[in-house]
Amino acid sequence: MVSISSTTGPGQPRPTVVNPEQRTQSVPVKEMNIPPTPISAFILMGQTGVGKSSFIKLLDGKDLHGQEPEVSEEPESCTQIPTIYMTKLKNKPILLLDTPGFDDSARQNIDILADIVSNLHLFTLRSQEIKVRGVIFLYSIGENRFSGSQAKTLEILKGLCGEEGMGHVIVGTTMWDQNSKEFPKQIAREKRFRDKYWKGVHKAVRLFEDDESAASQILLDLLDLPPVLLLVQKEMMQPPHTLENTTVGKATMPNGYREIEELKRRADAQAEAYERELKRRKADFEEKEKDMRKIAKDLLLKTEEENRRLDRERLEREAESERQYEQVRQEFNDQMKKIADDADKREVLKREEEASQRREAARNQREEREKHDREDEERRQQDFEAETQKQKEKSEVVIAQLVEELERLETALSKMTATPDLTRFEVTINAVVEAFGFHPIFIKAVNKSEKVIRETIIIITDQIRMFGGGI
């Protein structure tokens with residue numbers, strides 16, 4: 001897109017016309033593929049949030065990338081720079097130049113105005129292909145008063161169009177609320193604004209929400225009018241072809257310069273105030289720094305003394321802790337020794353108890369054995385006494401027989417001669433010996449002499465007494 005040159009007077013800043021190609025991804029007008037049939041172009045203006053993007057969507061407008069405009073309920077504008085949208089109405093190609101809203105900043109207004117004028121100048125250069133048919137100015141009827149930014153926008157609109165061009169302007173009022181008590185007030189407001197601010201426009205139209213027919217009718221009404229060259233288009237065709245030499249530029253840009261100068265003056269005054277404040281604060285800082293250094297030095301000395309005191313206390317605590325540790329360790333060792341001694345004692349007592357239990361068990365076993373031995377002894381004694389009784393009874397029979405035999409022996413002995421016949425006696429002695437278990441050696445002694453026989457009788461008699469308890 002071509003840029004717009006400008007010349008300024010001495011001491012005045014040179015206005016920069018921002019190239020729209022640097023601020024948008026839309027295709028510039030000179031790069032558009034214009035169809036053979038002339039395109040009817042419409043400029044869409046209005047403050048931020050009045051519904052310009054919604055108006056384009058109602059007409060099914062698409063940018064040169066085929067995208068619809070963004071519609072947001074936020075107060076920030078979705079349109080930052082002039083953007084071209086294409087649509088058709090009754091098979092006729094339509095170009096809509098969507099413009100950002102003018103606000104209270106003169107510097108930004110100049111940038112926006114420069115972009116709009118750049119596009120209009122290109123429309124003029126391609127007037128055989130692009131015919132400007134009019135301007136659609138949208139206004140929110142919901143606003144209670146005609147604000148300063150609205151007045152500035154209207155002033156720019158009149159400067160752009162001129163008296164002839166204003167006859168190709170249609171004011172579309174938006175944000176109507178038909179179902180509330182505000183509606184009569186909005187109607188009265190519309191009449192007041194039309195009589196006071198919108199004189200000379202082609203007409204004013206109410207645009208209710210999503211009213212596609214009303215939007216289309218606005219274009220049809222402007223299409224019924226012949227193409228128009230707006231005032232700024234005519235002025236830009238005259239040398240030196242600069243914005244500041246146009247009516248709208250003269251009305252807008254000096255205000256921008258004055259605002260810039262005022263801002264610069266305020267900035268310089270504020271900078272001087274900041275510098276004075278900086279010097280004052282620097283002096284205060286230096287004074288406070290001296291005080292802080294003195295305080296820091298005193299604090300350092302106090303800190304060192306406090307650190308020394310803390311070190312002494314720490315050493316004392318460490319010594320006390322060491323002493324307590326040794327004491328606790330000694331007590332622990334004593335307790336462990338006591339526990340070990342108690343464990344040894346318990347072990348000794350346990351062993352003594354186990355030994356006592358073993359002795360008790362041995363004693364019980366011994367008593368049990370002794371009991372069994374006594375019982376065995378008693379049984380043996382009983383058996384012996386029984387056997388003895390039997391032997392005694394048997395012996396009594398034998399003794400009785402021996403006594404009788406002894407009596408016979410005594411009788412026989414008294415009748416014996418020097419060579420007595422000992423055969424019978426020997427038989428008797430043998431019987432006695434066999435009965436009482438005497439050895440046969442006694443038989444020989446009996447055969448030797450009577451003395452021996454008598455001694456034998458005495459022995460037998462003693463044996464009988466011993467065995468039998470007496471004859």
Side-chain angles (χ1 to χ4, degrees), residues 42-61 68-79 82-83 85 87 89 96-105 109 112 116 133-161 165-225:
F42 300 87
I43 294 86
L44 189 60
M45 297 181 66
Q47 289 300 104
T48 300
V50 297
K52 297 189 294 294
S53 297
S54 299
F55 181 84
I56 295 171
K57 287 192 70 175
L58 285 175
L59 297 172
D60 197 25
E68 292 183 343
E70 295 183 8
V71 177
S72 174
E73 295 182 359
E74 299 297 327
E76 293 80 8
S77 175
C78 293
T79 305
T83 305
Y85 291 91
T87 185
L89 184 64
L96 297 171
L97 179 62
D98 186 17
T99 64
F102 292 94
D103 60 7
D104 293 329
S105 171
N109 289 344
I112 296 173
I116 296 173
R133 306 305 292 263
V135 178
I136 303 166
F137 180 75
L138 299 184
Y139 180 82
S140 174
I141 201 65
E143 295 189 14
N144 294 324
R145 62 184 183 86
F146 204 82
S147 64
S149 61
Q150 290 283 6
K152 186 175 295 185
T153 301
L154 183 59
E155 181 183 1
I156 292 172
L157 175 63
K158 290 179 179 180
L160 284 172
C161 296
M166 287 298 289
H168 289 255
V169 174
I170 292 181
V171 177
T173 52
T174 61
M175 308 300 174
W176 288 91
D177 194 353
Q178 296 175 275
N179 299 320
S180 73
K181 60 182 180 180
E182 291 293 322
F183 186 64
K185 297 179 181 179
Q186 291 175 343
I187 294 176
R189 191 179 304 134
E190 177 193 32
K191 183 178 183 304
R192 185 174 69 253
F193 288 170
R194 185 172 59 245
D195 296 339
K196 185 175 181 179
Y197 301 110
W198 301 335
K199 292 179 180 180
V201 302
H202 179 64
K203 64 189 305 187
V205 177
R206 296 176 185 174
L207 283 173
F208 298 108
E209 186 176 3
D210 298 330
D211 192 347
E212 181 181 350
S213 62
S216 300
Q217 188 60 46
I218 290 176
L219 298 185
L220 292 174
D221 289 344
L222 292 175
L223 286 173
D224 289 339
L225 301 176

Q | Worked check of side chain to side chain contact (heavy atoms under 4.5 Å, CB included) between L96 and L44 | A | CA-CA 7 Å; L96 297 171; L44 189 60; 5.6 Å; no
Q | L225 side chain reached by R133 side chain, heavy atoms, under 4.5 Å | A | no
**Q.** Straight-line distance of E143 CD to R145 CZ, nearest 0.5 Å
**A.** 8.5 Å
Q: Ignoring hydrogens and angles, tell me if any N or O in the side chain of Q186 forms a donor-acceptor pair with the backbone of D177 under 3.5 Å.
A: yes
Q: Could you tell me which non-hydrogen atom of L58 sits nearest to which non-hydrogen atom of D210, and how far apart they are?
A: CD2-CA, 3.7 Å
Q) From Y139 OH over to Q47 CD, what is the distance, rounded to the nearest 0.5 angstrom? A) 9.0 Å
Q) Do the side chains of I136 and L222 get nearer than 4.5 Å, heavy atoms only? A) yes
Q: Of all the heavy-atom pairs spanning V50 and S140, show the shortest one and how long it is.
A: CG1-N, 3.9 Å
Q) Going from CD1 on I141 to CD on E182, what distance comes out if it is rounded to the nearest 0.5 angstrom? A) 11.5 Å
Q: For the residue pair V169 and H202, establish whether any side-chain heavy-atom pair is separated by less than 4.5 Å.
A: no
Q) Given L220 and L89, is the side chain to side chain contact (heavy atoms under 4.5 Å, CB included) satisfied, shown in steps? A) CA-CA 8 Å; L220 292 174; L89 184 64; 3.6 Å; yes
Q: Would you please classify the geometry between the F146 ring and the F193 ring as parallel, tilted or perpendicular, with 30° and 60° separating the classes?
A: perpendicular
Q) Just wondering, do V171 and F137 contact through their side chains at under 4.5 Å, heavy atoms? A) yes
Q. Are any non-hydrogen side-chain atoms of M45 and L157 less than 4.5 angstrom apart?
A. yes
Q.
Do L160 and V135 have side chains that approach each other closer than 4.5 Å (heavy atoms only, starting at C-beta)?
A. no
Q | Closest contact, heavy atoms only, I187 versus R206 | A | CG2-NH2, 3.7 Å
Q. Please walk me through it: do T174 and E209 pass side chain to side chain contact (heavy atoms under 4.5 Å, CB included)?
A. CA-CA 8 Å; T174 61; E209 186 176 3; over 6 Å; no
Q. Closest approach of P100 and P82, non-hydrogen atoms and distance?
A. CD-N, 3.6 Å
Q: Check whether any side-chain heavy atom of K158 lies under 4.5 Å from a side-chain heavy atom of L154, and answer yes or no.
A: yes
Q | Atom pair NZ (K57) and CD (E70), whose distance is rounded to the nearest 0.5 Å | A | 10.0 Å
(Q) One thing to verify: whether E155 and K152 come together as a salt bridge, which I'm taking to mean a side-chain N less than 4.0 angstrom from a carboxylate O. (A) no
Q: Report yes if the side chains of I218 and F55 come closer than 4.5 Å at any heavy-atom pair, otherwise no.
A: yes
Q.
To check you understand the geometry: which heavy-atom pair defines the closest contact between L207 and G172, and what is its length?
A. CD1-CA, 4.2 Å
(Q) Let's go through T173 and W198 carefully: what are the C-alpha distance in whole Å and the side-chain angles of both, what is the deciding distance for side chain to side chain contact (heavy atoms under 4.5 Å, CB included) to 0.1 Å, and is it a yes or a no? (A) CA-CA 12 Å; T173 52; W198 301 335; 3.8 Å; yes
Q: Check P69 against S53 and note the closest heavy-atom contact, atom names and distance.
A: CG-O, 3.5 Å
(Q) Could you measure the distance from the CG atom of L219 to the CG atom of L59? Nearest 0.5 Å is fine. (A) 5.0 Å
